[in-house]
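Data first, discussion second: the structure below is written as structure tokens.
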There are 2 protein chains.
Amino acid sequence: MLTVNGLSKGARITPDAVRHYARIGLLVPSRDPNNGYRLFDDEALKRARFIRRAKGLGFTLQDIRTLFSYADNGRSPCPEVRAIIQQRIAENRASVTELGELLERMEDALERWKSMPDGEPDGDEICHLIESVA
Amino acid sequence: MLTVNGLSKGARITPDAVRHYARIGLLVPSRDPNNGYRLFDDEALKRARFIRRAKGLGFTLQDIRTLFSYADNGRSPCPEVRAIIQQRIAENRASVTELGELLERMEDALERWKSMPDGEPDGDEICHLIESVA
DNA sequence: TCCTTGCCTGTGTGCGGCACCCAGGTTCTA
DNA sequence: TAGAACCTGGGTGCCGCACACAGGCAAGGA
């Protein structure tokens, strides 16, 4: 049986994350009757590693909770895994596009500003650099 | 003088955003003594538009707060604007890279999984698709 | 024996930027 | 005169932790 620190090392996540997962019910420890410490079994270790891997693939903790509930009810989570990752891929592509556009706007602005002087406060504009942008 | 809704239309932001900015002190309304409604002057309208533009360039509300404090003290925020955007550009590039890598991992996984069957619960693995990933 | 060190506990807060909800008061319009 | 559309403050929720606080317990060394 592993304590918080032991599990965190075995699963390569931080102790805070272990406690967090336990708090939200993704990991369910038993307790050491002597001191109240959380005790995790091998099943919990597997789950913790699963969480790390799934998160590394873009699954949210909510997603992972769903997957666990499949597994706990004796159903294979695999079809759900395929469905979720397609969803997350689509969202991620949208984010990349959006972030890329923002980045472009930022770089364009910085470039344009190179030929513009700093303004002095005139009670009319706050910062003409920013105000020069659509 | 403009109410919340009036300002939101004039600055093209949502009424909730207006209230939010007022709550955190980025916009400071006066009050209608008759009914307690927030009243915004032209200065607030300029600020609200400035916020929308600056946010569109990736400035955070904290950044904007800093810029306002420069302007309020009679100093030009322009040098700070240039410094902040360079910082944000760097962060944004890092995010894009990171997200891109995640996306690649996700797409790779989905592709590899195409040739793998769904697993059935065996008490050993939770989902072999995810567990097949480093 | 005492002291330090390093675990552990629960609880609460903070991060960013709003969006939404509640319950109630006010103002405009038909 | 009724209903729609506005306004108020205050609270919660999102996401995934990270960090802080105050205290308890265990093992080691001087």
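Labels below follow one simple rule: chain letters A, B, ... track the order of the sequence lines, proteins then strands, and each chain is numbered from 1.
- A donor-acceptor pair shorter than 3.5 Å cannot be found between the side chains of Asp72(B) and Ser69(B).
- Between Ile64(B) and Lys55(B), the closest side-chain pair of non-hydrogen atoms falls below 4.5 Å.
- Side-chain contact between Arg82(A) and Asp118(B) is present, with at least one heavy-atom pair separated by less than 4.5 Å.
- Positionally, the nearest nucleotide of DNA chain D for Lys9(B) lies more toward the 5' end than for the other of Thr60(A) and Lys9(B).
- The CG atom of Asn35(B) sits 14 Å away from the C1' atom of dG9(D) (whole-angstrom rounding).
- In this structure, the side chains of Met1(B) and Asp32(B) stay at 4.5 Å or more apart for every pair of heavy atoms.
- As rounded to whole Å, 9 Å separates atom P of dG16(C) from atom CG of Leu61(B).
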Take Arg105(A) and Glu101(A) through the test salt bridge (Lys or Arg N to Asp or Glu O under 4.0 Å) and record every step on the way to the result. CA-CA 6 Å; Arg105(A) 282 201 304 279; Glu101(A) 287 167 0; 5.1 Å; no
Is there a side-chain hydrogen bond (donor to acceptor under 3.5 Å, both in side chains) between Thr60(A) and Asp63(A) once you walk through the steps? CA-CA 5 Å; Thr60(A) 67; Asp63(A) 292 340; 3.2 Å; yes
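- Rounded to whole Å, the distance from CD on Glu98(B) to C1' on dG16(D) is 14 Å.
- Nucleotide dC17(D) holds its P atom 13 Å from the CD atom of Gln62(A), rounded to whole Å.
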Which atoms of nucleotides 19-24 of chain D (N or O only) lie under 3.5 Å from a protein N or O atom, and what are those distances?
unit_1: dG24(D); atom_1: N2; unit_2: Tyr37(A); atom_2: OH; d: 3.3

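- Residue Thr14(B) places at least one side-chain N or O under 4.0 Å from the OP1 or OP2 atom of dA19(C).
- Heavy-atom minimum distance, Met106(B) versus Arg88(A): CE-CB, 3.3 Å.
- Counting heavy atoms from C-beta outward, Ile13(A) and Leu7(A) have side chains that stay 4.5 Å or more apart.
- Here dT9(C) presents its P atom at 11 Å from CG of Leu7(A), a figure rounded to the nearest Å.
- Rounded to an integer number of Å, the gap from CZ of Phe59(B) to C1' of dG16(C) is 17 Å.
- Between His20(B) atom NE2 and dC20(C) atom P the separation is 14 Å, expressed in whole Å.
- Under 4.0 angstrom from either OP1 or OP2 of dG9(D) there lies at least one side-chain N or O belonging to Arg31(B).
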Side-chain polar contacts of residues 119-134 of chain A - donor-acceptor pairs under 3.5 angstrom, sequence neighbours left out - could you list them?
unit_1: Asp122(A); atom_1: OD1; unit_2: Asp124(A); atom_2: N; d: 2.9
unit_1: Asp122(A); atom_1: OD1; unit_2: Glu125(A); atom_2: N; d: 3.0
unit_1: His128(A); atom_1: NE2; unit_2: Pro117(A); atom_2: O; d: 2.8
unit_1: His128(A); atom_1: NE2; unit_2: Gly119(A); atom_2: N; d: 3.3
unit_1: Glu131(A); atom_1: OE1; unit_2: Ile126(A); atom_2: N; d: 3.2
unit_1: Glu131(A); atom_1: OE1; unit_2: Cys127(A); atom_2: N; d: 3.1
unit_1: Ser132(A); atom_1: OG; unit_2: Leu129(A); atom_2: O; d: 2.6

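- Between Tyr21(A) and dC17(D), a side-chain N or O to OP1/OP2 separation shorter than 4.0 Å is present.
- Contact check, Lys55(A) against dC17(D): a side-chain N or O comes under 4.0 Å of OP1 or OP2.
- One interatomic measurement links the two molecules: CG of Asp63(B) to P of dG17(C), which rounds to 8 Å at whole-angstrom precision.
- Arg38(B) comes within 4.0 angstrom of sugar-phosphate atoms only, judged by non-hydrogen atoms across all strands, and of no base.
- Around the CG atom of Asn34(B), the shell of radius 6.0 Å holds more than 12 heavy atoms that belong to other residues, nucleotides or ligands.
- Proximity of Arg19(B) to the phosphate of dT8(D): a side-chain N or O atom is located under 4.0 Å from OP1 or OP2.
- End-to-end axis angle of the helix from dT1(C)-dA30(D) to dA30(C)-dT1(D), from C1' rotation axes over five pairs per end: 20° (rounded to 10 degrees).
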